[in-house]
Structures are given as structure tokens and as C-alpha cells.
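Here's the structure we're looking at; comments come further down.
Chain naming here is simple, since letters A, B, ... match the order of the sequence lines and numbering starts at 1 in each. Side chains are part of it too, since the values below use all heavy atoms of this structure and drop only hydrogens, waters and symmetry mates.
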2 protein chains.
Amino acid sequence: MTLTEENYLKAIFHLSTEKQDVSVLDLANSLEIKMPTVNSMVKKLAAKGLLIYEKYRPLSLTESGRLEAGVIIRKHRLVEMFLVEKMGFQWDEVHEIAEQIEHIDSSVFFDRINELLNHPKFDPHGSPIPDPEGRIASTEYLKLNDGQIGKEYIFTSVAISQSSFLKQINKHGLRLGDKLKIIEILSFDKSIVVSINGQSTENLSGMVAGNILVSE
Amino acid sequence: MTLTEENYLKAIFHLSTEKQDVSVLDLANSLEIKMPTVNSMVKKLAAKGLLIYEKYRPLSLTESGRLEAGVIIRKHRLVEMFLVEKMGFQWDEVHEIAEQIEHIDSSVFFDRINELLNHPKFDPHGSPIPDPEGRIASTEYLKLNDGQIGKEYIFTSVAISQSSFLKQINKHGLRLGDKLKIIEILSFDKSIVVSINGQSTENLSGMVAGNILVSE
DNA sequence: CTTTTTTGTTAGATAAATCTAACAAATTAA
DNA sequence: TTAATTTGTTAGATTTATCTAACAAAAAAG
């Protein structure tokens with residue numbers, strides 16, 4: 001597989017977890033590549049049996065395509081964990097580096113990282129690390145802005161790894177594992193007031209809350 | 001710079017240290033790419049001011065090309081050192097991995113590696129690590145098969161990093177830093193008998209001895 | 001239920017890096 | 001010092017991944 005193909009698969013995989021139907025336009029936007037290019041690439045990937053393509057229909061990965069994507073995501077997340085745990089990086093610095101190292105072709109390299117980290121199950125952003133075959137554990141996370149007033153949740157993961165978002169999470173004083181209780185949802189802009197571990201309270205915009213994943 | 005251009009520069013740099021004149025054919029052989037392709041690529045690199053090209057003349061890097069090559073070689077050697085020192089790899093396993101990671105575009109990443117290793121000056125094969133600008137310390141190494149009978153040398157570096165060669169060095173029981181005394185040079189095949197640290201003796205083929213670099 | 005907008009497709013062009021075939025210069029050998 | 005061999009060059013084709021322009025289908029709006 002080429003680097004380009006890997007990036008298409010990964011993008012389709014991620015889009016599928018955000019919305020059930022992935023369109024050619026979604027993929028074009030997410031990769032910042034024009035639609036006709038994407039159109040011909042998806043035909044190529046379909047010919048390789050990695051995704052299902054029918055004219056004017058939403059895209060979907062085949063089992064094989066999903067596993068291939070899973071393998072790349074595994075490498076990405078192992079690297080992120082290694083960068084944080086063994087190399088002293090912050091969680092908001094590792095995405096761009098992992099985005100490149102995930103394409104390295106060397107099983108010994110990733111196996112060694114996995115061992116040095118003691119076979120981690122989650123990356124620094126709380127996302128599950130797929131198994132070596134690319135199978136990914138299904139997680140039952142809730143977006144914080146789908147939570148109910150008065151209920152307490154555990155901050156378990158983030159939906160995106162963009163460094164500007166992660167830095168803002170840091171600014172709010174939030175860390176994975178914190179207990180977040182929804183105090184109030186402000187009607188004007190749907191921002192959410194939470195208490196953090198029963199101590200401080202913070203106001204989180206809808207955009208921020210929508211990327212905070214919690215469990216009960 | 002593209003990955004391809006980086007590989008051309010690196011190859012020319014390495015060939016220049018082996019022989020004073022680098023031909024288009026040398027480069028084509030070393031990269032395993034056909035001559036006409038190399039011919040057009042060197043014109044392109046010349047247009048970018050990275051090398052000097054005149055029809056039918058040997059190739060040579062410009063100062064700028066040499067520094068660009070040095071920067072890539074720096075990344076390669078830092079990675080090799082990191083893989084050995086921090087990740088538990090053997091010296092014969094790291095070349096292929098470093099060959100890929102050297103193209104990662106992230107100064108923080110390589111700076112961090114450099115710090116974690118305490119600014120190493122040499123890689124696991126005894127090759128000098130260029131400075132951050134790509135300047136490489138000149139080393140005065142002698143090939144073991146240019147040494148004199150009866151003299152003692154220190155095994156300081158290897159000329160190639162091919163894993164089959166490094167494994168054979170291991171088989172001979174040789175390690176960087178060992179004292180090698182040339183006992184005899186066999187006239188039939190020019191193989192060299194050395195004593196290692198005044199203890200065991202080993203017979204090294206001309207091909208092996210030609211890639212063992214020593215200092216006095 | 002037409003019209004407009006959005007989304008998707010086809011056709012054909014372009015740039016990068018490669019190739020083969022043909023030829024030309026330089027070097028080596030006879 | 002001519003002939004043969006090696007090395008280098010030119011021309012043109014190919015593949016991959018991208019693009020723009022033009023058109024077509026589907027979905028949304030009026």
C-alpha cells in the first residue's frame with residue numbers, strides 16, 4: 001500500500017466513526033483533496049477490495065479495508081503513547097509526528113514500542129489501540145454535550161487530536177480521568193458548565209464539549 | 001525537498017567519501033535506478049543549486065548540497081543511536097529502520113532524541129554525527145587492509161552498515177574499541193590475521209577487512 | 001413538481017519519478 | 001589510431017496522484 005492509500009483508508013475509517021454515511025465530498029474535505037481526485041482514488045481502492053463503491057452511493061470500508069486502517073491507526077497510537085511516555089512530549093505535540101511515523105514499514109519497530117510500553121490498550125488521548133491485526137475495541141463513549149444536567153461522568157477520551165483543541169483542554173484544567181458533573185447548560189449558546197472533581201467549575205463551549213468523550 | 005531528492009543527495013555524499021570522482025553510473029548503481037532517470041534528476045538537483053553538473057563530467061555536491069545531505073545523515077545516525085541505546089536494538093538491525101525515519105520532518109523530534117542521548121558525537125557504527133547545520137567532522141580512519149603487519153590499531157568504525165556484514169563482525173567476536181594487531185597478511189587471498197585485544201586471533205577476508213575502519 | 005443547489009462523475013491536463021530505445025561521447029583495447 | 005566497449009545523453013512513454021472544466025444526478029427549496 002502506498003502512503004496515499006493509507007491516508008485515504010484512515011480518513012474513511014475516522015469519518016465512519018463520526019457519521020454513518022461517508023460521502024465522496026466528506027472524504028475530499030477531510031483530506032483537502034479535490035473531489036475528482038478522490039473519485040478516482042476510491043475506484044482504485046474499491047478495485048483492490050478495500051472499500052465498497054457504487055456510483056452516487058455512500059462509501060464504506062470492507063472488512064479488509066477496516067483492518068488495514070486499523071493497523072495504521074494502531075501504529076499511530078502506539079507512537080503517540082511512546083512519544084509521551086518514553087520521550088517526554090506533551091499530549092498536544094504528538095499527533096503531527098505520529099502522522100508521519102505511522103507509515104514506517106517495520107514490524108520489529110512497532111513490536112518493540114509495544115513491548116517497551118507494556119502493551120498499552122489506550123493512547124494518550126484515551127483512544128483504544130487496535131490489536132496487531134487491526135481489530136479495534138468498540139468503545140461506548142458519550143459526547144459531553146449529550147450528557148444530562150446533574151449527572152457525573154468520567155472524562156475518558158477526546159474525539160480529535162488537533163493541538164489547538166488539546167491546548168484549550170489543558171487551559172480549562174481538564175485531564176483524562178477527571179470527574180465532570182454537568183451543572184448547567186446555558187440556553188444561549190449551549191455551552192456547558194461543569195464541576196471538575198467536585199472542586200473548580202468551568203464553562204465549556206459547545207464546540208469543546210462536543211469533542212470531550214465521557215463514560216458513566 | 002522530496003524523499004527522492006534526499007536519497008539522491010545522500011547517495012552522492014556517501015559515494016564521494018568512497019571515491020573522489022562520482023559518475024552518473026555510480027549513482028545509478030548505488031540507487032538501483034536506471035541512468036537516464038539519474039541523468040535527469042541530477043540536472044534538476046543542479047538547477048536547485050545542490051550539485052554541480054556538466055555534461056560528461058563527474059558529479060560533485062555544492063556546499064549547500066553537502067549540508068543538506070549532512071542534515072539527513074545526522075537524522076539517520078541519531079535515530080540509529082536511539083534505537084540501540086534507548087530501544088534495545090542490535091547494531092545490525094537499525095539501518096533499515098533509520099533509512100525510513102531519517103525522512104521524518106520534525107525538528108522537535110530529532111532535537112529530543114539528541115537530548116535524550118546527551119548529544120552523541122558518533123553512531124553505533126562509529127560514524128560521526130553531523131552537527132545540526134549538517135557539517136560533518138572529518139575523520140582520519142584507515143581501512144584495516146591498508147594497515148601494516150605487526151602494528152596495533154583500534155577498531156573505530158565500519159564503512160558500511162549492511163546487516164549481513166555487521167552480523168559477520170559479531171561472528172568474528174569484534175566490537176568497536178577492540179585493539180587489533182595485524183599478525184599476518186596471507187598472500188593467496190590477502191586475508192588478514194589479527195589478534196583481538198591480545199587474546200584470540202581471527203582470520204578476516206579482504207572484503208571484511210576493507211570495511212573495518214581503524215585508528216592508531 | 002419544477003427549479004435551484006449540492007454532490008458526484010467524466011474527460012483530459014499536469015508534475016514527479018520512473019522506464020526503454022536509440023544514439024553520442026569518452027575511454028580502453030587491439 | 002582505428003575499433004570496441006563503456007559511459008552518458010536525448011527523446012519519448014508510463015504510472016501515480018493530483019488538478020480544472022464541463023456535465024450529470026440527487027437532494028433541497030420554492
Between [X] ([atom1]) and [N] ([atom2]), how many Å, whole number?
| X | N | atom1 | atom2 | answer |
| --- | --- | --- | --- | --- |
| A:Met41 | C:dT9 | CE | P | 15 Å |
| A:Leu25 | C:dT5 | CG | C1' | 13 Å |
| A:Glu54 | C:dT9 | CD | C1' | 15 Å |
| A:Arg57 | C:dT9 | CZ | C1' | 16 Å |
| A:Leu59 | C:dG8 | CG | C1' | 11 Å |
| B:Asp21 | C:dT27 | CG | C1' | 14 Å |
| B:Leu27 | D:dT7 | CG | P | 14 Å |
| A:Met35 | D:dA22 | CE | C1' | 14 Å |

Practice problem: Under 4.0 Å between any heavy atoms, over every strand shown, what does A:Thr4 touch: base, sugar-phosphate, or nothing? Just pick one. | Solution: sugar-phosphate
Per [X] side chain, nearest of listed nucleotides [options]:
| X | options | answer |
| --- | --- | --- |
| A:Tyr8 | C:dT10, D:dT18, D:dT9 | D:dT18 |
| A:Lys43 | C:dT10, C:dC19, D:dT18 | C:dT10 |
| B:Ile33 | D:dT18, C:dA16, C:dC19 | C:dC19 |
| B:Pro36 | D:dA11, C:dG8, C:dA17 | D:dA11 |

Side-chain N or O of [X] versus OP1/OP2 of [N]: is the shortest distance under 4.0 Å?
| X | N | answer |
| --- | --- | --- |
| B:Ser40 | D:dT9 | no |
| A:Lys55 | D:dA26 | no |
| B:Asn39 | D:dG8 | no |
| A:Thr37 | D:dC19 | yes |
| A:Tyr56 | C:dT6 | no |

Strictly under 6.0 Å, is that where the ring centroids of B:His76 and B:His95 end up?
yes
message: Side chains of A:Ser191 and A:Ser205: any donor to acceptor distance under 3.5 Å?
response: no
Margin query: Can you see whether B:Thr4 engages B:Asn7 through a side-chain donor-acceptor pair at a distance of less than 3.5 angstrom?
Written below: no
Within 45° cone and under 6.0 Å: B:Arg112 NZ/CZ vs A:Phe89 ring
yes
inquiry  = Please check if the number of heavy atoms outside A:Lys48 that lie under 6.0 Å from its NZ is greater than 12.
reply    = yes
